[in-house]
Amino acid sequence: MNVEEWQKLLIDGVHRVRELKQKFPHLDEEEIEHIISIYPVRINKYYLGLIRSPDDPIARQVLPDPAEIYEMSQGVREDPLNEEADAVVPGLTHRYPDRVLFYVNHQCPIYCRYCTRKRKIGDPNSVNHDNIRAGLEYIREHQEIRDVVLSGGDPLMLKDELLGDIVGQVRSIPHVEVIRIGTRIPSTLPQRVTQKMCDTLKKHHPIFIMAHFSHPRELTPEAKRSCEMLADNGFPLMNQTVLLKGINDDPETLKELFVGLLRFRVRPYYLYQADLTTGAAHFRTSLETGLAVMEGLRGHTSGLAVPYYVIDAPGGGGKIPMLPEYVLQVDEEQVVVRNYERKTFRYTLPPASQANGTSQEEEHHTLLASASSSSTNSSPK
Ligand SMILES: *Cc1c(COP(=O)(O)O)cnc(C)c1O
Ligand code: SF4
């Protein structure tokens, strides 16, 4: 069987203590052995090539760190988002009314040290066909599901045939309108995006690719080629980034990333506050850090480059948007707002008597209540 380029890059990557020690002599062998017996390591050869020094923002995403096992932090959990506890069948989380998250494997092109599902990834029993069958059946039986997010692991780590088979089965369900694929492939193993892969998937459009870039140094010519190929084949591309301490937690770095992604035809979609994951607490930032990033984007650059900054609520509350405070004051007559330059503006509201119907009035009161009770305004943009 012929091995494709991307498969060779995986095989030739770093997986074991010996290889790690060779490339990064400063690491403590015994310590690393202990860490990776709990959380496996994988740095494929392409991503390894992006590392310039052991403490750069690329290396920090993939090199095991003693903080993963020694740093104790309050409130961390192995399953911080209750993805498993809330699973309706193993591998399928149905949290929102019309969409589901469907895990199809546990393999990734690299293993991110900050991963929310770090307890699960790297499982050698990569694909559980019984779970996939049960998940498909659940979706088939629930007509309200119109959006299926394929995740893992990384679905694009599956070989074309199995990938096409799973996506084709989802597509054959009449009430499923949109399919999304959450993937770290374009940023960490772009060679995986081949014309054959695109041909396999494009039969089942609309398929959105939810990419995951963390740092502007991942914006390489190879990554660009993979995004362009996906766009040329009709896949709308979105990006999700986790806000990571010491890696991308400053406004300039993220602005460079988000503006750069637009050049790749990728739309920044979510910026996540890091989850309360066991073994990943050392990546967490303050909320102010994220709000400062958002403040530095809105108005200062293309609105297209501005993602939603969200907290995925612990325990399964879903994604909740966080925004800098733009509403300064609101009463019956007017709303006082400020813009990106911190200039103040008044917007006169229509008289309550003019509002047609009670629903608008109710909305108005809800706005009043939320503006006065919350310090973080969270209305959708
Ligand atoms: C993020 C997520 C989705 C998709 O959410 P959108 O806001 O529609 O992008 C669906 N289900 C679960 C469980 C999720 O975590
Ligand atoms: S690619 Fe995604 S699922 Fe895999 S380790 Fe990274 S964050 Fe976790």
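- Using a 4.0 Å cut-off between a side-chain N of Lys or Arg and a carboxylate O of Asp or Glu, E84 and K120 qualify as a salt bridge.
- Salt-bridge annotation for R16 and E19: present, with a side-chain N of the basic residue lying under 4.0 Å from a carboxylate O of the acidic one.
- Without hydrogens or angle criteria, T220 side chain to A223 main chain gives a donor-acceptor distance under 3.5 Å.
- Judged purely by atom type and a 3.5 angstrom limit, R42 uses its side chain to pair as donor or acceptor with the backbone of C108.
- Distance CG/L9 to CG/N44: 6.0 Å, rounded to 0.5 Å.
- Smallest separation of non-hydrogen atoms from Y46 and T188: CD2-O, 3.1 Å.
- Of the possible donor and acceptor atoms, none in the side chain of D249 sits under 3.5 Å from a partner among the backbone N and O of L243.
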Would R140 and E137 count as a salt bridge (Lys or Arg N to Asp or Glu O under 4.0 Å) here? Give the steps. CA-CA 5 Å; R140 224 174 270 125; E137 193 171 316; 5.4 Å; no
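- Using modelled atom types, one side-chain atom of T278 and one backbone atom of R77 make a donor-acceptor pair closer than 3.5 Å.
- Between the side chain of R267 and the backbone N or O of L304 there is at least one donor-acceptor pair closer than 3.5 Å.
- Taking the six-membered ring where the residue is Trp, Y272 and Y270 present tilted rings, their angle falling between 30° and 60°.
- For the 3.5 Å distance criterion, the side chains of S53 and D55 qualify, holding a donor opposite an acceptor.
- For the pair K118 and Y39, the cation-pi criterion (under 6.0 Å, within 45° of the ring axis) is fulfilled.
- For the pair Q191 and L189, the minimum side-chain heavy-atom distance is below 4.5 Å.
- Ion pairing between a basic and an acidic side chain is recognised when a charged N comes within 4.0 Å of a carboxylate O; D199 and K196 show no such pairing.
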Quick one, R184 with D154, criterion salt bridge (Lys or Arg N to Asp or Glu O under 4.0 Å). Give me CA distance, side-chain angles, the key distance, then yes/no. CA-CA 7 Å; R184 192 101 161 86; D154 192 323; over 6 Å; no
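- Between R113 and D65, no side-chain nitrogen of the basic residue sits less than 4.0 Å from a carboxylate oxygen of the acidic one, so the salt-bridge criterion is not met.
- Taking CD from E177 and CD1 from I179, the interatomic distance works out to 11.0 Å, rounded to the nearest 0.5 Å.
- When every heavy atom of L63 is checked against every heavy atom of H26, the shortest pair comes out as CD1-CE1, 4.5 Å.
- Here K45 does not pair with E5 in a salt bridge; the nearest charged N to carboxylate O distance is not below 4.0 Å.
- For the pair H300 (side chain) and G296 (backbone), a donor-acceptor distance under 3.5 Å is absent.
- Not one N or O on the side chain of R338 forms a donor-acceptor pair closer than 3.5 Å with the backbone of T344.
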Go through M157 and I185 one step at a time and tell me if the side chain to side chain contact (heavy atoms under 4.5 Å, CB included) criterion holds. CA-CA 8 Å; M157 289 290 285; I185 284 289; 4.1 Å; yes
Might you work through the side chain to side chain contact (heavy atoms under 4.5 Å, CB included) test for Q195 and C198, ending with a clear yes or no? CA-CA 5 Å; Q195 191 53 50; C198 292; 4.0 Å; yes
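- Side chain of R95 to main chain of G316: a donor-acceptor pair is present (N/O by atom type, distance under 3.5 Å, no hydrogens or angles).
- Annotation for F345: atom CZ counts as buried by contact number, over 12 foreign heavy atoms lying within 6.0 Å.
- For P268 against L262, the heavy-atom pair with the smallest separation is CD-CD2, 3.8 Å.
- Remark: side-chain polar atoms of D331 are paired, donor with acceptor, to backbone N or O of E333 under 3.5 angstrom.
- One distance of note links CZ of F235 with CZ of F208; it measures 11.5 Å at 0.5 Å rounding.
- N248 and S214 are not linked by any side-chain donor-acceptor pair at a separation below 3.5 angstrom, with hydrogens and angles left out of the test.
- Ion pairing between a basic and an acidic side chain is recognised when a charged N comes within 4.0 Å of a carboxylate O; D232 and K202 show no such pairing.
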Begin from the C-alpha positions of H94 and I145 and carry the test side chain to side chain contact (heavy atoms under 4.5 Å, CB included) through to its verdict. CA-CA 9 Å; H94 190 179; I145 299 169; 3.9 Å; yes
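- In summary, K21 and E30 do not engage in a salt bridge, as defined by a charged side-chain N under 4.0 Å from a carboxylate O.
- Side chains of Y114 and H282: a donor-acceptor N/O pair is absent below 3.5 angstrom, by distance only.
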Test side-chain hydrogen bond (donor to acceptor under 3.5 Å, both in side chains) applied to D275 and T116, step by step: CA-CA 6 Å; D275 293 324; T116 296; 2.7 Å; yes
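- Interatomic distance, OG1 of T277 versus CG of L81, reported as 7.0 Å (0.5 Å rounding).
- Here the CD1 atom belonging to I311 is positioned 7.5 Å from the CD1 atom belonging to I320, to the nearest 0.5 angstrom.
- The hydrophobic clustering, which links ILVMFWY residues whose side-chain heavy atoms are closer than 4.5 Å, places I58 and Y111 apart.
- Taking CD from E161 and CG from L158, the interatomic distance works out to 12.0 Å, rounded to the nearest 0.5 Å.
- Salt-bridge check for E228 with R265: failed, with every basic side-chain N at 4.0 Å or more from each acidic carboxylate O.
- Side-chain atoms of L219 and K224, non-hydrogen and from C-beta on, never get closer than 4.5 Å to each other.
- For the 3.5 Å distance criterion, the side chains of R284 and Q273 fail to qualify, holding no donor opposite an acceptor.
- If you check the side chains of Q61 and E218, you find a donor sitting under 3.5 Å from an acceptor.
- In this structure, P54 and F24 approach most closely via the heavy-atom pair CB-CD2, 4.1 Å.
- A donor and an acceptor atom, one from each side chain of Y47 and S187, are nowhere located under 3.5 Å apart.
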Before giving the answer on side chain to side chain contact (heavy atoms under 4.5 Å, CB included), spell out for V62 and V41 the whole-Å C-alpha distance, their side-chain angles and the decisive distance to 0.1 Å. CA-CA 7 Å; V62 287; V41 75; 5.9 Å; no
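- Shown here is R146, whose CZ atom has more than 12 heavy atoms of other residues, nucleotides or ligands within 6.0 Å.
- Remark: the backbone N or O of E83 is not paired with any side-chain donor or acceptor of R117 at under 3.5 angstrom.
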Using the salt bridge (Lys or Arg N to Asp or Glu O under 4.0 Å) rule, take E4 and K159 through it: C-alpha gap first, then chi angles, then the decisive distance, then the call. CA-CA 10 Å; E4 292 186 52; K159 292 191 183 137; over 6 Å; no
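- V17 is listed as a side-chain neighbour of I36, based on a closest heavy-atom distance under 4.5 Å.
- Between R60 and F283, the shortest heavy-atom contact is O-CZ, 3.7 Å.
- Closest approach of T93 and Y103 over heavy atoms only: OG1-OH, 3.2 Å.
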Check against salt bridge (Lys or Arg N to Asp or Glu O under 4.0 Å), K8 and D12: CA-CA 6 Å; K8 184 125 178 41; D12 294 343; 2.8 Å; yes
